[in-house]
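Every chain is numbered from 1 and lettered A, B, ... according to where its sequence line falls, protein lines coming before strand lines.
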Amino acid sequence: MSPFSARVLAVVRRIPPGRVATYGDVAAMAGRPGASRAVGNIMRGCLHADVPCHRVIAAGGRLGGYAGNVPLKRALLAAEGLTVVGRRIRHWERIHWKTRASNAVGRANNR
DNA sequence: GCATTGACTAGGG
DNA sequence: GCCCTAGCCAATG
């Protein structure tokens, strides 16, 4: 497990229920801005139960993918109280979990 | 170490 | 709105 991967997983784990973060954001929080692709790659093989990978979505509030089970991801998000319309999250700007990279790792900051 | 792949992103047609 | 292209990064062979 690379430091970056662990970092990403840690960040995703800090995403509070009912909130979502984009791959780019997670990458930035993990200390590697622009590594959105890498983040997705890591998620692909890390369907950990401890990590709410379903809260990680694509930019613009799009669902992105979920190991080929996008419907499942949609259901999980809906279960979190979010509303999904097509491939987009409703009130995306509201539930977008934003936090500082320095703050994200080492301190859970909910809103 | 190089080449390929992929849950990405932004821009253009 | 969708499809394609270029840039990006980490993991894998």
Side-chain angles (χ1 to χ4, degrees):
Chain A
M1 179 84 71
S2 305
F4 179 67
S5 317
R7 200 87 130 154
V8 171
L9 294 177
V11 171
V12 176
R13 209 175 317 170
R14 290 183 205 326
I15 302 178
R19 291 281 182 87
V20 289
T22 67
Y23 297 97
D25 291 341
V26 174
M29 294 181 219
R32 212 53 185 168
S36 49
R37 221 166 174 168
V39 171
N41 230 354
I42 295 166
M43 299 280 99
R44 181 162 60 89
C46 291
L47 257 32
H48 283 246
D50 313 315
V51 182
C53 12
H54 60 273
R55 291 180 197 147
V56 183
I57 62 177
R62 291 180 312 212
L63 288 196
Y66 197 70
N69 275 343
V70 177
L72 175 59
K73 188 173 188 174
R74 191 167 30 190
L76 288 169
L77 289 173
E80 302 258 321
L82 304 179
T83 311
V84 183
V85 181
R87 297 186 193 74
R88 298 280 275 184
I89 305 291
R90 197 189 285 259
H91 306 289
W92 149 242
E93 303 180 15
R94 288 194 191 187
I95 54 93
H96 186 192
W97 183 60
K98 310 165 211 159
T99 192
R100 306 195 174 198
S102 314
N103 216 15
V105 181
R107 177 177 297 279
N109 183 13
N110 188 347
R111 186 119 159 100

In whole Å, what is the span from the CZ atom of Arg44(A) to the C1' atom of dC9(C)? 14 Å

From dT9(B), dA11(C), dC9(C), pick the nucleotide closest to the side chain of Ile42(A)? dA11(C)

OP1 or OP2 of dT9(B) under 4.0 Å from side-chain N/O of Arg62(A): yes

Val20(A): which of Leu82(A), Ile15(A), Val56(A) passes side-chain contact (heavy atoms from CB on, under 4.5 Å): Leu82(A)

Looking at the side chain of Tyr66(A), which of dA7(B), dA11(C), dC9(C) is the nearest nucleotide? dA7(B)

Using whole Å, report how far CG of Leu9(A) lies from C1' of dA7(B). 14 Å

Work out which heavy atom in Val12(A) is nearest to a heavy atom in Met43(A); give both atom names and the distance. CG2-CE, 4.0 Å

Whole angstrom is fine here: how far is it from CE in Met29(A) over to C1' in dC8(B)? 15 Å

Classify the nucleic acid contact of Phe4(A) as base, sugar-phosphate or nothing, counting any heavy atom under 4.0 Å across all strands shown. sugar-phosphate

Using a 6.0 Å cut-off, check whether atom CZ of Arg88(A) has over 12 heavy atoms from anything other than its own residue. yes

Nucleotide dA7(B), atom P - distance to CZ of Arg74(A) in whole Å: 17 Å

Length of the CZ-C1' vector between Arg32(A) and dC9(C), whole Å: 8 Å

Among dT9(B), dG6(B), dA7(B), which nucleotide sits nearest the side chain of Thr22(A)? dT9(B)

Phosphate OP1/OP2 of dC8(C): any Ser36(A) side-chain N/O under 4.0 Å: no

Whole angstroms only, please: what is the CE-P distance between Met43(A) and dA10(C)? 14 Å

Counting only distance, no hydrogens or angles, is the base of dC8(C) paired donor-acceptor with the side chain of Arg37(A) under 3.5 Å? yes

Using whole Å, report how far CG of Asn41(A) lies from P of dC8(C). 17 Å

For Ala27(A) and Ala35(A) the tightest heavy-atom approach is CB-C, 3.7 Å

Can a side chain N or O of Arg7(A) be found less than 4.0 Å away from OP1 or OP2 on dA10(C)? no

Evaluate the side chain to side chain contact (heavy atoms under 4.5 Å, CB included) criterion for residues Arg14(A) and Trp97(A): first the C-alpha distance (whole Å), next the side-chain angles of each, then the deciding distance (0.1 Å), finally the verdict. CA-CA 10 Å; Arg14(A) 290 183 205 326; Trp97(A) 183 60; 3.9 Å; yes

Without decimals, in angstroms, what is the distance between Asn69(A) CG and dA7(B) C1'? 11 Å

Under 4.0 Å, counting only non-hydrogen atoms across every strand here, what does Ala38(A) touch: a base, just sugar-phosphate, or nothing? base

